[in-house]
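Everything on this sheet refers to the single structure shown next.
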Amino acid sequence: DTGVSQNPRHKITKRGQNVTFRCDPISEHNRLYWYRQTLGQGPEFLTYFQNEAQLEKSRLLSDRFSAERPKGSFSTLEIQRTEQGDSAMYLCASSGDGNQPQHFGDGTRLSIL
Amino acid sequence: AQSVTQPDIHITVSEGASLELRCNYSYGATPYLFWYVQSPGQGLQLLLKYFSGDTLVQGIKGFEAEFKRSQSSFNLRKPSVHWSDAAEYFCAVGALEGKLIFGQGTELSVKP
């Protein structure tokens, strides 16, 4: 169990650019979640996958956001045409089925200049 | 609507003193409840969880929490705080499909 891995740890980009983050979950976990955390707040749910199927998306996930988990293993989260308000920590978590506890990665901190 | 409230944004305790962090939830069914801890710039680490059964649950690092259905609460406690416990603490409820709904968090500072 090597834990949940997220890359990059930090991303600085100019407004209007596209960015992509990667998450490698714990290998035996079927479920993968993305959350967004802004300063002083708790994480907010964005989307989740059961294997390769994306089963739910939050209304927070605008059309500029897209997530994939093509082979049911790693996942990517892409933000197109970034805006100032996208600056946040993006957290990935994985778990087994049901309400098994989620294990979190260390996150990707996105800063928009 | 499902929600979690952590009334205390910031708490300061002296090292060696006892600690209680409050958490209230709103959820229609039997809740699955969690406490996570987050150090600066890091992800979240699970401290403990409640699914069913004994309402007093033990976690890692000497933490415990008590589920009180009548009060819709799941408060976190520790009898003696260590300086290394300084961090942000999040209470969460597990909603449908396992997604977590988090409270705003309580920042804990520990005085020497």
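Hydrophobic clustering places A:W34 together with A:L60 (ILVMFWY residues linked when any side-chain heavy atoms are closer than 4.5 Å, directly or through intermediates). Transitive grouping of hydrophobic side chains (ILVMFWY, heavy atoms separated by less than 4.5 Å) brings A:I112 and A:L77 into a common cluster.
Summarising the local packing, CD1 of A:I12 is surrounded by 12 or fewer heavy atoms from other residues, nucleotides or ligands at distances under 6.0 Å. Residue-environment remark: CG (A:L39) stays at or below the threshold of 12 foreign heavy atoms within 6.0 Å. Summarising the local packing, CZ of A:R64 is surrounded by more than 12 heavy atoms from other residues, nucleotides or ligands at distances under 6.0 Å. For A:D97, the CG atom sits in a packed shell: over 12 heavy atoms of surrounding residues, nucleotides or ligands are nearer than 6.0 Å. Within a 6.0 Å radius of CD1 in B:I60, other residues, nucleotides and ligands contribute more than 12 heavy atoms. Residue A:E68 places its CD atom among 12 or fewer non-hydrogen atoms of other residues, nucleotides or ligands, all under 6.0 Å distant.
Taking 4.5 Å as the limit, some side-chain heavy atom of A:P101 sits within range of a side-chain heavy atom of B:F51. For the pair A:Y35 and B:L100, the minimum side-chain heavy-atom distance is below 4.5 Å.
The candidate from A:Q37, A:R9, A:Q6, A:H10 with the greatest count of non-hydrogen atom pairs under 4.5 Å with chain B is A:Q37. In terms of non-hydrogen atom pairs under 4.5 Å with chain A, the most contact-rich of B:A92, B:G41, B:G105 is B:G41.
Taking each heavy atom of A:P43 and B:F102 in turn, the nearest pair found is O-CD1, 3.4 Å.
Heavy atoms closer than 4.5 Å to chain B are found in the side chain of A:R31, but not in its backbone. In this structure, the portion of B:L46 lying under 4.5 Å from any heavy atom of chain A is its side chain and not its backbone. B:Q38 touches chain A through its side chain: at least one heavy atom from C-beta onward sits under 4.5 Å away, while N, CA, C and O do not. Residue A:Q41 touches chain B through both its backbone and its side chain, counting heavy-atom pairs closer than 4.5 Å.
In this structure, the separation between NZ on B:K49 and CD on A:Q100 is 7.5 Å, given to the nearest 0.5 Å. Atom CD1 of B:I101 is separated from atom CD of A:E44 by 11.0 Å, given to the nearest 0.5 angstrom.
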Could you walk me through whether A:F45 and B:K99 pass side chain to side chain contact (heavy atoms under 4.5 Å, CB included), step by step?
-> CA-CA 7 Å; A:F45 169 78; B:K99 70 181 181 183; 3.6 Å; yes
